[in-house]
Amino acid sequence: MSVHIYPVKTGYVKIKKSQKIRKPGGMLRVLTDPEWTDWLPIYSWLIEHPEGIFIVDTGDTSRTTTDPHYFPGWHPYYRNSVKMDIRPEEEIGPQLKQMGIKSNDIHKVILTHFHTDHAGGLHHFNTSQVLVSGKDYKLARGLIGRLSGYLPHRWPKNFNPLPVIYVDEPIGPFKKSYPVTGAGDITIVPTPGHTPYHQSVIVKIDDLLYFLAGDTSYSQQILMDNQADGVSLNAGKTLATMQRIRELAELYPMVYLPSHDPESERRLTSKEVMKSISSIPKVEQQVMHQ
Ligand SMILES: [Zn+2]
């Protein structure tokens, strides 16, 4: 049995343009920005593997769309800076059922971070082991987490995730990693920035790396253009992570798959690898940065 990655599109989200690409003012700018992006997909990923089925991120719940009291009403971000469009049948649980997969069949769930559009589907995996960034988990439950818009009160009551402890196993420019499978072909690497302890998943199939990027950037183009998002607390950290990802793609043929890039699914299916920055003609690079 070979390893295979399937996209699971769990509805759509709309954010402010200054969240997608940072403008001066950071988060304050996001809250006051009148300009919205198009509807962006919310991707989770299913990895079929000889050691079991793995899920990366859980999408969100349709309650974010149907229940006006699901988000905390006092929070300025939820009041006017994000819109969700998720139908009940688009949640990850019903979609897996459609694919003939029961939640008991899931070996492990990996969260890239705890934002609602990645953790809002956790209730579909009550019996699975959930691998998380321990520091992000701690942050999300504290006061700073609540102020930052995490929704720990919406997590399942019995939620008891396993914090990832990285080991000194470098993968290209990433000095530490966490092996998820015994075969060593699914690993987690720290990709701080979008959240302070964000993590990403690398899947090696044959000679290709698939980088399941969560929200390290909202699209591949943004990664190539080296632009931080508007919600990172520390844009420098975000850019350093993006640099590491580009360096990895210089070392190995790599398909880059952010959660909200409308092109991710096409790139996965066609195995479209990231272009080397050095192979892009200078003129084109200049245009990209305008
Ligand atoms: Zn996020």
Side-chain angles (χ1 to χ4, degrees), residues 8-22 26-27 29-31 33 36-45 55-61 64 70-72 75-78 81-86 92 109-122 130-133 135-141 144-152 154-155 161 164 188-201 211-220 222-223 227-235 237-239 241-242 245 256-262 264:
V8 185
K9 188 161 69 185
T10 52
Y12 291 87
V13 62
K14 208 186 243 275
I15 55 175
K16 299 290 187 65
K17 284 189 175 171
S18 54
Q19 176 173 345
K20 193 175 174 194
I21 296 175
R22 195 178 193 90
M27 194 63 207
R29 183 71 173 261
V30 173
L31 296 174
D33 188 352
W36 292 87
T37 63
D38 294 331
W39 285 103
L40 303 174
I42 304 170
Y43 279 112
S44 299
W45 309 98
I55 297 287
V56 178
D57 286 336
T58 66
D60 215 332
T61 163
T64 58
Y70 185 80
F71 290 135
H75 200 290
Y77 179 78
Y78 290 115
S81 297
V82 67
K83 294 176 186 172
M84 314 297 293
D85 180 6
I86 300 154
I92 192 162
V109 175
I110 304 164
L111 288 188
T112 58
H113 63 301
F114 280 95
H115 282 162
T116 178
D117 50 334
H118 299 256
L122 276 171
V130 184
L131 297 175
V132 303
S133 154
K135 287 181 178 170
D136 235 17
Y137 179 52
K138 195 172 169 202
L139 183 96
R141 283 176 302 163
I144 292 176
R146 293 285 185 118
L147 293 174
S148 306
Y150 293 99
L151 307 172
R154 298 296 187 192
W155 300 343
V164 163
I188 303 176
V189 290
T191 47
H194 175 74
T195 62
Y197 306 101
H198 186 285
Q199 56 187 15
S200 300
V201 178
F211 199 94
L212 308 182
D215 290 355
T216 52
S217 70
Y218 287 110
S219 72
Q220 176 165 284
I222 291 170
L223 179 80
Q227 290 170 311
D229 65 26
V231 294
S232 296
L233 293 176
N234 182 334
K237 259 192 181 174
T238 303
L239 294 173
T241 287
M242 290 163 78
I245 297 170
Y256 180 64
L257 302 171
S259 301
H260 304 295
D261 187 342
S264 282

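We count residues from 1, following the sequence as given. Atoms within each ligand, like the ligands themselves, are counted from 1 in listed order.
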Look at the rings of His118 and His113 and say which category their plane angle falls in: under 30° parallel, 30 to 60° tilted, over 60° perpendicular. tilted

Tyr256 and Ser217: side-chain donor and acceptor closer than 3.5 Å? yes

Using the side-chain contact (heavy atoms from CB on, under 4.5 Å) criterion, which residues pair with Pro192? Sequence neighbours excluded. Pro190, Lys237, Thr241

Please list, in chain and residue-number order, the protein N/O/S atoms closer than 2.8 Å to the Zn ion (ligand 1). His113 NE2, His115 ND1, His194 NE2, Asp215 OD2

Do Lys83's NZ or CZ and the ring of Trp36 fall within the cation-pi criteria of under 6.0 Å and 45°? yes

Between Trp155 and Tyr150, does the ring centre distance come in under 6.0 Å? no

Close aromatic pair by centroid cut-off 6.0 Å: Tyr43 and His260: no

